[in-house]
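Structure, as structure tokens:
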Amino acid sequence: MANILVTGGAGFIGSHTCVELLASGHEVIIVDNFSNSKPEALKRIKKISGKDVKFYETDILDLDGLNKIFDENRIDAVIHFAGLKAVGESVQKPVEYYHNNITGTLMLIQAMRAHDCKKIVFSSSATVYGVDNPVPYVETMPTHTATNPYGYTKVMIEQILRDVAVSDPEWSIVLLRYFNPIGSHKSGLLGEDPNGIPNNLFPYIQQVAIGKREYLGVFGNDYDTPDGTGVRDYIHVMDLASGHLCAVDYVLGHKGVEAVNLGTGKGSSVLDVLHAFEKACGKKLAYKIMPRRAGDIAWCYANTDKAKKLFGWEAKYGIDEMCTDGWNFIQKNPNGL
Ligand code: NAD
Ligand code: UFG
């Protein structure tokens with residue numbers, strides 16, 4: 001069992017992954033600055049796991065703060081979630097996004113290198129496939145055409161980590177390209193807790209279901225898809241968490257760099273998700289067709305062969321479980337964590 005430093009461990013995907021790491025016997029050390037999360041997430045992780053988690057309220061831009069964490073702990077590997085992730089906001093605040101995500105990663109790499117910790121799993125995104133590649137997305141496709149500053153931070157950080165691996169063959173790096181993570185821990189104690197009006201489909205539907213918002217705006221029904229609405233590869237956040245466990249085991253035992261898709265390989269349309277959620281909550285949910293959202297694409301789903309081959313990992317849950325668990329969470333936490 002290993003000591004894992006989890007940056008951004010109080011966030012949506014990080015908190016679920018910490019629960020899985022603890023359940024499998026790893027020691028977890030979390031660093032987060034709560035810029036998009038709350039201390040309550042840490043309490044919930046402890047409640048679910050029954051285990052103690054070491055926590056540092058540190059900004060990853062603070063190199064001295066990071067060095068202190070590595071001085072005080074023997075860290076075997078890092079899972080790096082910390083980053084800003086709102087696509088629209090990144091267009092308004094490119095400098096803040098590039099600084100937080102890229103400089104933050106450079107600081108982390110420096111602290112790791114100084115402490116001879118050279119194993120890292122990075123949160124990348126399907127967004128790196130850009131707009132020119134055909135679906136399903138395969139890891140070998142070119143990834144140089146993001147459509148917004150957030151997407152470019154992922155493209156650039158992937159490149160930085162590849163260059164680090166070339167410069168020093170001791171590094172072991174997995175770039176996990178997530179598709180659309182939704183759903184919640186079965187307990188209903190952890191889940192996605194966005195600030196303000198949700199940008200993403202699933203938290204928006206959750207808020208319609210509990211009566212916080214009147215209707216879902218469906219961004220376009222004239223795409224070249226079966227029902228005209230956008231198709232995405234939704235993946236249960238607990239499947240994503242178990243994928244991280246596999247990736248950590250992989251970096252602990254290998255060297256070099258690998259990019260790996262984490263998706264289900266199946267696409268669901270906006271209306272598919274809405275109807276699955278209606279089934280989960282047992283009521284009709286209102287929606288209105290709106291204009292397309294700038295930057296959206298018609299299709300996005302993964303080829304999942306590599307994760308199967310490299311990790312022996314496959315997503316277990318379907319859209320119905322994602323909705324059941326998401327409904328459970330929002331009922332128990334109508335105002336978030
Ligand atoms: P999140 O915002 O819930 O979690 C990110 C965490 O990082 C937050 O707790 C935030 O407070 C923390 N953080 C941000 N900047 C920091 C800094 N400078 N120092 C310390 N902590 C900092 O987001 P999430 O959905 O859990 O996403 C985790 C990672 O996965 C992100 O890198 C995101 O870009 C990536 N990702 C997410 C999705 C998605 O749809 N949720 C899809 C693809 C990739
Ligand atoms: N949608 C609506 N109404 C809404 C919100 C979304 O119809 O209120 C539609 C979108 O048009 C899209 C689908 O629902 O067709 C999914 O949209 P999301 O915003 O939930 O997710 P995206 O696929 O646009 O973006 C996600 C992550 C990004 C990441 C991207 C690619 O949020 O961080 O996947 O990996 F960059």
Side-chain angles (χ1 to χ4, degrees), residues 6-17 30-39 41-42 56-62 65-66 79-88 90 96-97 99-101 103-105 107-108 122-130 137 146-148 150-151 153-154 157 176-182 191-195 197-205 207-208 213 215-221 223 225 229-235 237 240 244 261-263 268-271 273-274 287-302:
V6 182
T7 76
F12 171 44
I13 307 170
S15 59
H16 288 81
T17 301
I30 295 177
V31 51
D32 205 301
N33 66 355
F34 296 130
S35 59
N36 196 38
S37 55
K38 300 190 187 110
L42 304 177
Y56 290 85
E57 185 170 349
T58 300
D59 194 306
I60 61 164
L61 292 166
D62 170 10
L66 285 178
I79 307 182
H80 179 30
F81 292 104
L84 299 173
K85 65 162 183 176
V87 172
S90 81
E96 285 76 5
Y97 269 67
H99 185 53
N100 190 75
N101 293 6
T103 314
T105 302
M107 295 301 176
L108 178 65
F122 172 63
S123 297
S124 188
S125 165
T127 194
V128 301
Y129 291 110
Y137 295 141
T147 54
N148 54 74
Y150 165 74
T153 69
K154 297 301 182 191
I157 295 168
L176 290 179
R177 295 176 179 164
Y178 312 155
F179 283 70
N180 289 52
I182 60 171
E192 193 170 7
D193 181 16
N195 290 323
I197 303 172
N199 298 303
N200 298 113
L201 177 66
F202 197 76
Y204 205 102
I205 293 178
Q207 297 201 358
V208 175
R213 315 223 168 251
Y215 61 88
L216 172 73
V218 174
F219 299 148
N221 68 346
Y223 285 104
T225 60
T229 67
V231 170
R232 297 290 181 273
D233 185 340
Y234 295 94
I235 173 168
V237 66
L240 204 62
H244 285 78
N261 289 340
L262 291 184
S268 304
S269 73
V270 175
L271 294 178
V273 179
L274 185 76
Y287 70 90
K288 278 189 196 166
I289 305 296
M290 317 268 279
R292 291 183 178 193
R293 182 173 67 179
D296 276 353
I297 51 178
W299 293 91
C300 175
Y301 63 94

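Atoms within a ligand are numbered from 1 in the order they appear, just like the ligands themselves.
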[options]: member with heavy atom nearest to [atom]:
| atom | options | result |
| --- | --- | --- |
| atom 22 (C) of ligand 1 | Leu66, Asp193, Ile235, Asn33 | Asn33 |
| atom 23 (O) of ligand 2 | Arg232, Arg293, Arg177 | Arg232 |
| atom 8 (C) of ligand 1 | Ile182, Asn100, Asp32, Leu262 | Asp32 |

Less than 4.5 Å apart, side chain to side chain, heavy atoms only: is that true for [X] and [Y]?
| X | Y | result |
| --- | --- | --- |
| Ile197 | Arg213 | yes |
| Ser269 | Thr225 | no |
| Thr17 | Val6 | no |
| Pro194 | Asn200 | no |
| Leu274 | Ile205 | yes |
| Leu66 | Ile60 | yes |
| Leu201 | Arg232 | no |
| Val87 | Asn199 | no |

Please confirm whether [X] comes under 4.0 Å of ligand 1, counting heavy atoms of the residue only.
| X | result |
| --- | --- |
| Ser124 | yes |
| Thr58 | yes |
| Glu192 | no |

Among all the protein's non-hydrogen atoms, which is closest to [atom], and how far away is it?
| atom | value |
| --- | --- |
| atom 33 (O) of ligand 2 | Tyr150 CE2, 3.4 Å |
| atom 5 (C) of ligand 1 | Gly83 O, 3.9 Å |
| atom 16 (C) of ligand 2 | Tyr234 OH, 3.4 Å |
| atom 18 (P) of ligand 2 | Asn200 ND2, 3.5 Å |
| atom 28 (C) of ligand 1 | Phe81 O, 3.7 Å |
| atom 33 (C) of ligand 1 | Tyr150 OH, 3.6 Å |
| atom 3 (O) of ligand 1 | Phe12 N, 2.8 Å |
| atom 21 (O) of ligand 2 | Asn180 ND2, 3.2 Å |
| atom 30 (O) of ligand 1 | Tyr178 CE1, 3.3 Å |
| atom 3 (N) of ligand 2 | Gly217 O, 2.7 Å |
| atom 10 (C) of ligand 2 | Asp296 OD2, 3.4 Å |
| atom 1 (N) of ligand 2 | Phe219 CD1, 3.6 Å |
| atom 19 (N) of ligand 1 | Ile60 N, 3.0 Å |
| atom 28 (C) of ligand 2 | Val87 CG2, 4.1 Å |

Is the backbone N or O of [Y] less than 3.5 Å from a side-chain atom of [X], with the two atoms forming a donor-acceptor pair by type?
| X | Y | value |
| --- | --- | --- |
| Ser123 | His80 | yes |
| Asp233 | Ala302 | yes |
| Asn148 | Gly88 | no |
| Thr229 | Val270 | yes |
| Thr127 | Gly151 | no |

Closer than 4.0 angstrom: is that true for some heavy atom of Tyr215 and an atom of ligand 2? no
[X], any N or O under 3.5 Å of ligand 1 N or O:
| X | result |
| --- | --- |
| Phe179 | no |
| Lys85 | yes |
| Gly11 | yes |
| Asp59 | yes |
| Pro181 | no |
| Ser125 | no |
| Ile13 | yes |
| Leu61 | no |

Under 4.0 Å from any heavy atom of [X], which atoms of ligand 2 are there?
| X | value |
| --- | --- |
| Asn199 | 5 (C), 19 (O) |
| Ser125 | 29 (C), 31 (C), 35 (O), 36 (F) |
| Gly230 | 15 (O) |
| Ala126 | 35 (O) |
| Val218 | 7 (O) |

May I ask you to list the atoms of ligand 1 that are less than 4.0 angstrom from any heavy atom of [X]?
| X | result |
| --- | --- |
| Asn36 | 1 (P), 2 (O), 10 (C), 11 (O) |
| Ser123 | 29 (C), 30 (O), 32 (O), 35 (C) |
| Ser37 | 8 (C), 9 (O), 11 (O) |
| Ser35 | 10 (C), 11 (O), 13 (N), 14 (C), 15 (N) |

Below the 3.5 angstrom mark, is there an N/O of Leu201, backbone or side chain, next to an N/O of ligand 2? yes
Between Phe34 and ligand 1, which residue portion shows a heavy-atom distance shorter than 4.0 Å: side chain, backbone, both, or neither? backbone
Working to the nearest 0.5 Å, report the span between OG1 of Thr58 and CD1 of Ile30. 12.0 Å
Is the Tyr178-His244 ring centre distance short of 6.0 angstrom? yes
Around Phe34, counting heavy atoms of other residues, nucleotides and ligands shown, do more than 12 lie under 6.0 Å from its CZ? yes
Check against side chain to side chain contact (heavy atoms under 4.5 Å, CB included), Asn261 and Tyr129: CA-CA 11 Å; Asn261 289 340; Tyr129 291 110; 2.7 Å; yes
Show the numbers, then the answer: is there a side chain to side chain contact (heavy atoms under 4.5 Å, CB included) between Tyr287 and Leu271? CA-CA 9 Å; Tyr287 70 90; Leu271 294 178; 3.9 Å; yes
Honestly, is Arg177 close enough over Tyr137, meaning NZ or CZ under 6.0 Å from the six-membered ring centre and within 45° of the axis? no
Heavy-atom contacts under 4.0 Å between Leu216 and ligand 2: side chain, backbone, both, or neither? side chain
